[in-house]
Amino acid sequence: MTRPTPSLRLRMLAGAVCWIGVALAASGWVLVDLFRDHVEAQARDRLVTDMDQLIAALTVEPDGTVTVFPPLSDPRFRQPLSGLYWQVGPVGSPVARSRSLWDAALPLPADTVRDGQVHVHAIRGPREAALLSAERLVRLPGRDAPLRVAVAQDMAEVEAAVGRFTRDLLGAFAVLAVALMLAAVAQGVVVLRPMQRLRERVLTVRRGKAERLAGAFPAEVVPLVDDLNILLDHARNSTHRARRQAGDLAHGLKTPLAVISAEAQHLAGAGQDEPAAVLMEQVEAMRRQVEANLARARAAASRDLPGARAPVAETLEPLCRTIGRLYGKAVEMDVPAGLAFKGDAQDLQEMAGALIDNAGKWGRNRIRVAARAENGVLVITIDDDGPGLPPRLREAAFQRGIRLDEAVPGTGLGLSIARDLAELYSGSVALDEGPSGTGGHAVLRLPAC
């Protein structure tokens with residue numbers, strides 16, 4: 001039996017989960033990075049705007065001191081350690097600074113700033129806070145030396161904005177991930193629906209309700225369906241060919257056996273009884289072997305044939321009618337409609353026919369044939385009102401060529417062949433006494449559809 005691997009649906013879902021996770025992680029990283037760049041760009045623009053406002057407000061007093069009037073509009077410049085600062089003057093000794101700096105100074109790098117250029121730096125400010133600063137070199141009337149004008153903002157605000165965006169983005173991505181997972185599951189159901197339909201068609205064939213795979217399938221599945229139908233047709237044709245060859249073999253042996261039998265009768269008429277008896281015995285032995293082996297060959301060819309199915313009621317009804325007329329006894333049938341044997345109808349006739357015929361020989365007036373399904377097993381029971389068999393003889397009845405009563409016509413092959421055929425189908429045949437304690441009771445168990 002082929003060992004199953006993880007299902008296609010599970011593989012598709014696992015692949016979708018992996019790719020969705022990778023795509024969302026990469027997208028989140030890119031979006032957060034873009035948002036950070038955007039927030040930092042806005043912060044730089046605000047710093048440049050504040051710096052321009054600061055430069056416009058700078059005034060040189062007659063004594064050379066630098067003042068800012070009017071004060072900058074943002075109140076944070078007047079709140080100590082607020083995170084928004086400005087200063088004017090050389091590095092380390094500013095001539096003016098915002099109240100927010102208190103007694104500290106911005107540690108601007110000692111780089112050369114050209115007139116009109118804006119330099120942006122990441123520096124450390126009060127309490128070692130990370131700051132983003134913008135500075136420009138300006139020349140004011142009344143002062144010979146140029147002044148460095150710098151404005152700085154605490155990066156904590158930027159990081160807080162990025163953190164809020166990241167949390168909101170994670171929530172949105174979580175909802176998106178769930179939606180994408182559900183979409184992947186739905187896609188798997190839709191994409192694999194043709195495979196499920198194909199599986200149902202295969203089960204239909206295996207149960208004998210159809211001979212070929214029928215229905216509309218996607219273009220990707222059609223070649224597989226066509227190949228399966230070709231295999232089914234080949235198996236069916238091979239089985240029919242094997243059965244036909246077996247029948248031809250049986251028919252071809254009839255004439256030689258009939259000639260030998262006629263010669264045996266001729267010898268008996270000529271007074272040579274002993275040679276005649278030997279010949280007749282060998283002829284009967286050959287007939288038994290031919291019938292038994294042909295039955296086994298037919299069953300072996302049909303046993304695993306996909307689509308093999310025989311309706312029980314339709315198969316047994318003519319058999320019961322014929323045996324009833326042959327022996328002049330009432331044959332009662334109790335077989336539910338729709339009950340089916342997973343095998344060939346001719347083999348079912350062979351097995352059930354031997355048991356019903358045996359009941360017809362030994363029953364007095366009545367024969368009852370019933371069938372039912374039990375957990376996938378077809379159970380056929382044959383009861384008669386005859387003398388029945390004692391327990392010690394029930395197993396002997398199945399031995400090939402054994403006849404328990406020579407007065408009753410027969411070859412002693414029927415029950416033996418019935419058991420051989422049943423075992424080929426993984427079934428069984430058993431003889432017992434009737435439910436009332438008298439009469440014969442035969443039970444045939446076979447696979448059901």
Side-chain angles (χ1 to χ4, degrees), residues 30-169:
V30 171
L31 289 176
V32 170
D33 192 60
L34 289 174
F35 182 78
R36 183 187 297 276
D37 291 343
H38 176 71
V39 173
E40 289 181 355
Q42 283 188 328
R44 286 194 296 271
D45 292 341
R46 283 197 302 269
L47 290 176
V48 172
T49 300
D50 291 338
M51 185 172 57
D52 291 341
Q53 186 182 3
L54 175 62
I55 293 172
L58 290 177
T59 302
V60 180
E61 299 295 336
D63 59 358
T65 60
V66 177
T67 59
V68 176
F69 186 85
L72 298 185
S73 59
D74 196 323
R76 289 180 294 175
F77 285 116
R78 296 184 292 276
Q79 181 181 351
L81 305 178
S82 64
L84 192 60
Y85 314 104
W86 63 262
Q87 76 176 23
V88 178
V91 177
S93 57
V95 298
R97 56 190 168 191
S98 65
R99 183 176 177 79
S100 57
L101 273 173
W102 200 247
D103 59 352
L106 296 176
L108 299 173
D111 56 346
T112 302
V113 181
R114 297 181 181 179
D115 291 346
Q117 284 186 340
V118 176
H119 284 203
V120 179
H121 305 287
I123 62 176
R124 288 286 174 180
R127 298 180 180 178
E128 293 299 316
L131 302 179
L132 181 67
S133 69
E135 62 171 327
R136 178 183 291 173
L137 192 67
V138 298
R139 296 180 181 274
L140 297 177
R143 285 189 67 93
D144 296 332
L147 296 174
R148 294 180 71 171
V149 179
V151 180
Q153 176 184 346
D154 196 334
M155 288 297 292
E157 296 183 13
V158 173
E159 294 300 330
V162 172
R164 289 192 298 272
F165 175 79
T166 302
R167 287 191 297 272
D168 293 341
L169 185 66

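Predicted model, so just to flag it, every value in this text is computed and none were measured.
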Open item on the list: Once rounded to the nearest 0.5 Å, what's the spacing between atom CG of Leu31 and atom OG1 of Thr166?
Closed with: 10.0 Å
- [ ] List in chain and number order the residues that pass side-chain contact (heavy atoms from CB on, under 4.5 Å) with Ala57, two or more places apart in sequence or in another chain; answer none if no residue qualifies.
- [x] Val68, Pro70
- [ ] Using the salt bridge (Lys or Arg N to Asp or Glu O under 4.0 Å) rule, collect all pairs that involve residues 71-84, keeping only residues at least two apart or in two chains.
- [x] Asp74-Arg76, Arg76-Glu157
Task: Val60 side chain near Pro141 side chain, heavy-atom distance below 4.5 Å - done: no
Open item on the list: Show, in sequence, the C-alpha distance, side-chain angles and deciding distance for Phe165 and Val39, and conclude whether the side chain to side chain contact (heavy atoms under 4.5 Å, CB included) test is met.
Closed with: CA-CA 11 Å; Phe165 175 79; Val39 173; over 6 Å; no
Task: Partners meeting side-chain contact (heavy atoms from CB on, under 4.5 Å) with Ala160 (sequence neighbours left out) - done: Arg164
- [ ] Any chance you could measure Arg127, atom CZ, to Leu81, atom CG, to the nearest 0.5 Å?
- [x] 4.5 Å
Task: All side-chain hydrogen bond (donor to acceptor under 3.5 Å, both in side chains) counterparts of Thr65, not counting sequence neighbours - done: Asp63
Task: Pairs meeting criterion ring-ring contact (aromatic ring centres under 6.0 Å, His included) with involvement of residues 125-151, two or more places apart - done: none
- [ ] List for me each residue that meets side-chain hydrogen bond (donor to acceptor under 3.5 Å, both in side chains) alongside Glu61, sequence neighbours excluded, and say none if there are none.
- [x] Thr67
Task: His121: ring pair (Phe, Tyr, Trp, His ring centres under 6.0 Å) partners, not counting sequence neighbours - done: His119
Task: Residues in side-chain hydrogen bond (donor to acceptor under 3.5 Å, both in side chains) contact with Ser100, at least two apart in sequence or another chain - done: Ser98
Open item on the list: Would you say that Leu54 contacts Val88 through its side chain, given a criterion of any heavy-atom pair below 4.5 Å between the two side chains?
Closed with: yes
- [ ] Using salt bridge (Lys or Arg N to Asp or Glu O under 4.0 Å) as the criterion, list what pairs up with Arg139, not counting sequence neighbours.
- [x] Asp115
Open item on the list: Run the side-chain contact (heavy atoms from CB on, under 4.5 Å) test against Ala130 and tell me which residues pass, sequence neighbours left out.
Closed with: Arg124, Met155
Open item on the list: Donor-acceptor pair, distance only, cut-off 3.5 Å: does the side chain of Gln87 make one with the backbone of Pro94?
Closed with: no
Task: pair Ser82-Asp154: side-chain heavy atoms closer than 4.5 Å - done: no
Task: Candidate pair Leu132 and Val158, rule side chain to side chain contact (heavy atoms under 4.5 Å, CB included), full reasoning - done: CA-CA 10 Å; Leu132 181 67; Val158 173; 5.9 Å; no
Open item on the list: Is any side-chain heavy atom of Tyr85 closer than 4.5 Å to one of Leu131?
Closed with: yes
TODO: Take Glu135 and Leu106 through the test side chain to side chain contact (heavy atoms under 4.5 Å, CB included) and record every step on the way to the result.
DONE: CA-CA 11 Å; Glu135 62 171 327; Leu106 296 176; over 6 Å; no
TODO: Measure the CG-OG1 distance between Leu72 and Thr49 for me, rounded to the nearest 0.5 Å.
DONE: 11.5 Å
Task: Side-chain touch Leu47/Ser133, heavy atoms, less than 4.5 angstrom - done: no
TODO: Write out all pairs satisfying salt bridge (Lys or Arg N to Asp or Glu O under 4.0 Å) with one or both partners inside residues 36-54, taking only residues at least two apart or from two chains.
DONE: Arg36-Glu159, Asp52-Arg136
Open item on the list: Please find the pair of heavy atoms, one from Gln153 and one from Leu84, that lie closest to each other, and give the distance.
Closed with: CB-CD1, 4.0 Å
